[in-house]
Structure formats: C-alpha cells, structure tokens
Amino acid sequence: MTFKISDFRFKIGALVLAMGATVHAADWPQWRGPRRDGISAETGLLTSWPKEGPRQLWTISGLGEGYSTVSVAGGRAYTQSQRGGRHYVTAIDVNTGAKAWETAVGGSFNESRGNGPRGTPTIDGSRLFTLSPDGMLACLDAASGMTVWSQNILQKFRGSVPPWGISESPLIDGDRLIVMPGGRDGSLVALNKADGALVWKSGTDGAGYSSAVIGEFDGVRQIVAMNDSAVVGVRADNGQQLWRYTDVSNQTANIATPIVSDGRVFVSTEYESGGALLKVGAKSMSEVYFTRNMRNHYSTSVLVDGVLYGFNSAVLTALRFSDGEVLWRNRSVGKGSVAYADKHLYVLGEDAILALVEARADEYLEVSRFSLRQSRYPTWAPPVIADGRLYVRNQDSIIAYDIKAK
C-alpha cells in the first residue's frame with residue numbers, strides 16, 4: 001500500500017499489534033525496519049550534513065567479518081559477525097557503543113566475496129531471532145543473550161548451504177517464525193517462535209538469498225518469499241502455495257526483498273533479469289508489467305509516494321511504481337543501497353560513500369555526501385535510521401551518527 005508519512009505512525013501501531021511485540025516508532029527492530037520496507041517514520045532530522053558528515057556519537061570495532069546490518073530496539077543495537085571460526089550475535093548500547101553481551105550461535109562460513117553472516121537479527125519483544133549462514137537458527141533472550149532454543153534448519157529440513165551462504169533475516173508473523181531452509185522436506189517453513197516446533201512447511205525449492213515479507217490480498221494473509229527459482233505466495237496460516245512467478249528469477253542469486261503495496265508485489269533481481277509488478281489476489285497472481293529498468297542486485301528499492309527509488313544494477317533510479325516508467329537516473333555514489341526517512345534518501349555506496357538525497361520524483365537532487373573508511377570488502381550492509389541516529393555497518397565496525405536537527 002502506498003502511504004503518506006503523516007499516517008505512517010498509525011500503520012506502525014497496526015504492525016505492533018500484528019507482531020505481538022513492543023516496538024516503538026523510533027525503533028528499527030528487524031531487516032529493513034518496522035515494515036521491512038526500508039522506511040523510517042522519523043521526522044525532525046538533518047536536511048544537510050557537514051562536509052565530513054554528521055557528528056559521530058561512537059564507533060565500535062573488533063566485531064569481526066560479515067555483511068549483517070543492525071536491528072535497533074529497547075536502547076540496544078543488535079548485529080551478527082564472525083571471528084575466530086565462530087558466529088556471534090552482539091548487543092550494543094545505543095548511547096555509549098559499549099557491548100552489552102555477545103553470544104556464539106554457530107560455526108564459520110568462508111567465501112571469496114566476504115566471510116561471515118549475511119542476515120540481520122529480528123527483535124520480537126523480549127526475544128531475538130538470528131540465522132547463521134550454515135543454517136543455525138537461534139532464539140535468544142534479548143536482555144541477556146542467553147539461548148532459549150536453537151536448531152539447524154538445513155539439517156532438519158534436508159537443505160544445503162547455497163554458494164554465498166544462508167542470507168535471510170527471520171520473519172515474525174504472530175506466534176510463527178518464518179524461515180527458508182530450502183530443503184527437500186520444506187522450502188519455506190513456519191515454526192512456533194516459543195520453542196521452534198514445526199507449524200507448517202511448504203514446497204521443495206532451494207533457498208534464495210532474499211528475506212520474506214507479509215501481505216494481505218483480498219482478505220487472505222500471505223507470506224511472499226523469493227527462493228532460488230521463483231517468487232511464491234503462500235497462506236500464512238497453513239503454508240498452502242497460492243501462486244508462483246518465475247520470470248525475474250535468475251540462475252545465480254535472487255537477493256532483493258519483495259515490496260508489497262496495495263494488493264501488488266514488486267520483485268526484482270540482477271544478472272540480466274529485471275523487475276516485475278504483480279497484481280495478487282486471494283488465490284491468483286497476474287503480471288502488470290516487466291521491466292529491465294530496475295534490476296536490484298544485493299540491495300532493495302524503497303517505495304515512497306508511488307515512486308520506487310533503487311539501484312538498477314549500479315545506477316540509482318526513480319521508477320513510477322504503477323506503470324514502470326523511469327522518472328530519472330543518476331550514477332550517484334556508484335552501486336549501493338538505499339533507505340528513506342524524513343523526505344530524504346540515505347544512499348550508501350559499496351565503495352563506502354554516503355549521500356543524502358531529496359526523495360523527489362522530478363529530479364535527482366543530492367544535498368550532501370561524505371566518505372567513510374573503506375574496508376577490504378564492499379560496504380553492502382544497508383544504512384539504518386533509528387531514534388535520531390544513523391547506523392552504518394562496515395565489516396568489522398559500526399559507526400553511529402547523530403542526525404537529529406538542532
């Protein structure tokens with residue numbers, strides 16, 4: 001559903017009821033924020049930055065390797081990383097940058113394009129859910145880091161580690177936890193979030209690198225997920241597959257998160273594929289359009305006032321959501337990722353350049369930019385905006401910036 005920022009706080013409240021979690025409007029409790037759409041409801045933020053960037057509040061380093069970004073809730077930021085052959089979940093005090101706790105929840109994952117975890121922790125009330133690249137799913141106590149339960153979903157559902165590792169961030173739907181083991185005994189599964197017991201399983205496709213989202217279509221609540229072969233919609237209550245779309249799937253890596261709005265779903269991939277807008281019903285799906293002008297690679301577009309802002313390969317592009325018309329293109333910071341808050345796009349390039357861009361349908365208007373320290377690997381973790389702070393994860397470190405207007 002397209003929406004205006006003025007009514008966003010109401011929708012956040014509805015999400016809180018749906019998730020059964022204590023989530024404040026200023027929090028960013030999961031992958032891509034409260035609605036999994038890359039959008040923050042915050043206002044009163046800086047409209048330009050100094051040449052060197054916003055004021056740094058703190059920096060924490062020594063986290064280890066990984067492309068995990070942060071989730072923020074209850075005065076803490078949570079992330080995942082790898083060092084010394086172990087996969088860790090770390091809680092950080094948002095005021096000081098000090099570690100509150102750290103828990104090892106899996107083994108190592110090594111790959112030439114970067115080692116360590118790819119997913120981001122999901123906060124649901126007093127619990128935290130995390131998935132490691134080797135399929136270890138864990139439920140932790142958010143206050144202490146103690147393990148409540150854990151299981152390897154690849155072993156349980158006969159899945160296998162894809163070439164770049166399991167990369168999704170777990171999804172909470174009421175009492176259910178949704179993950180994709182991509183196994184012969186279940187491609188997409190719902191587990192009881194209290195103890196990890198199976199609620200339902202669906203399909204046999206291999207795992208993609210995408211994270212699932214929730215949508216309601218003609219009164220039917222659905223989980224929309226992209227596996228290694230297709231985008232699928234399944235009933236949220238029992239896992240019945242209702243529709244399947246294969247035209248944006250490629251043979252390399254399906255990564256971007258589906259975007260749900262007003263009975264429609266936008267999906268996109270790179271590797272000479274493209275994007276598509278789908279009209280979804282209670283049991284059906286039809287293609288509205290297919291475009292090669294929005295090929296999201298490792299990042300996902302944001303939808304603001306009927307316009308998709310995202311990376312068509314390495315070019316930042318504004319695309320009209322309803323019909324796929326390109327409104328503008330700009331090289332911007334090079335290939336990157338994007339988040340939105342307070343009428344601005346926060347655009348982070350993989351070469352560690354961060355820009356503030358007005359979210360305008362008529363032109364690309366960059367307000368500010370600055371460079372961060374570049375690490376050995378690309379800066380692929382998307383920026384996070386929470387409670388007047390901007391968080392940037394760059395492999396071993398996280399920097400928190402003060403972006404509140406004075």
Side-chain angles (χ1 to χ4, degrees), residues 8-9 11-43 45 57-58 60 63 66 68-81 88-103 105 117 119-131 137-148 168-179 193-194 211 213-214 257 339-341 346 381-393 398-404:
F8 194 86
R9 290 184 185 278
K11 296 179 188 300
I12 291 290
L15 177 72
V16 170
L17 293 176
M19 290 177 62
T22 303
V23 177
H24 302 290
D27 286 341
W28 191 278
Q30 60 176 333
W31 169 246
R32 305 199 76 222
R35 292 169 53 94
R36 289 204 163 199
D37 59 4
I39 291 175
S40 167
E42 290 189 58
T43 57
L45 304 179
L57 295 171
W58 49 260
I60 184 172
L63 293 170
S68 175
T69 186
V70 299
S71 297
V72 182
R76 288 179 176 174
Y78 301 87
T79 194
Q80 300 168 225
S81 56
Y88 290 93
V89 179
T90 303
I92 302 163
D93 186 295
V94 299
N95 295 310
T96 65
K99 284 185 185 179
W101 54 257
E102 191 167 68
T103 301
V105 290
T120 298
T122 299
I123 314 301
D124 180 58
S126 63
R127 297 286 184 260
L128 176 152
F129 298 89
T130 179
L131 183 59
L137 176 67
C139 170
L140 307 181
D141 178 78
S144 66
M146 292 183 62
T147 301
V148 178
E168 74 168 320
S169 304
L171 171 66
I172 296 293
D173 180 29
D175 292 333
R176 295 183 289 267
L177 172 64
I178 313 299
V179 286
K193 69 181 183 182
S211 295
V213 295
I214 301 169
T257 302
Y340 171 89
Y346 291 72
V384 165
I385 301 110
D387 197 19
R389 298 180 180 90
L390 170 65
Y391 298 89
V392 179
R393 169 76 187 271
I398 295 173
I399 304 175
Y401 298 92
D402 180 7
I403 56 171
K404 289 182 181 177

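Basis for what follows: all heavy atoms, side chains included, without hydrogens, waters or symmetry-related copies.
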side-chain contact (heavy atoms from CB on, under 4.5 Å) between V94 and D387, intermediate numbers included: CA-CA 10 Å; V94 299; D387 197 19; 6.0 Å; no

Please give me the minimum heavy-atom distance between [X] and [Y], naming the atom from each residue.
X    : Y    : value
A339 : P383 : CB-O, 3.8 Å
V72  : A77  : CG2-CB, 4.2 Å
T257 : S211 : CG2-O, 3.5 Å
K99  : I60  : CG-CD1, 3.8 Å

Nearest-0.5 Å distance, [atom1] of residue [X] to [atom2] of residue [Y]:
X    : Y    : atom1 : atom2 : result
I399 : Y391 : CD1   : OH    : 13.0 Å
T122 : I178 : OG1   : CD1   : 11.5 Å
L140 : L128 : CG    : CG    : 5.5 Å
T120 : Q30  : OG1   : CD    : 10.0 Å

Partner of L171 by side-chain contact (heavy atoms from CB on, under 4.5 Å), out of L177, V179, I214: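 Passing option: I214.
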
[X] vs [Y] side-chain heavy atoms within contact, under 4.5 Å:
X    : Y    : answer
V148 : K193 : no
R36  : S169 : yes
D27  : I123 : no
W31  : P382 : yes
R389 : W28  : no
L63  : R393 : yes

From CA spacing to verdict: side-chain contact (heavy atoms from CB on, under 4.5 Å), I403, Y346: CA-CA 11 Å; I403 56 171; Y346 291 72; 3.7 Å; yes

Chi angles and distances behind the side-chain contact (heavy atoms from CB on, under 4.5 Å) call for W101, V89: CA-CA 8 Å; W101 54 257; V89 179; 3.9 Å; yes

Any donor-acceptor N/O pair, T103 side chain to G145 backbone, under 3.5 Å: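 Such a contact is found between T103 side chain and G145 backbone.
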
Verdict with reasoning, I398 to I92, per side-chain contact (heavy atoms from CB on, under 4.5 Å): CA-CA 10 Å; I398 295 173; I92 302 163; 3.9 Å; yes

Test: K404 and D402 ion pair at under 4.0 Å: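 Looking at D402 together with K404, the answer is no, because their closest N to O distance does not fall below 4.0 Å.
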
Pair D124 + R127, salt bridge at N-O below 4.0 Å: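 No salt bridge links D124 with R127.
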
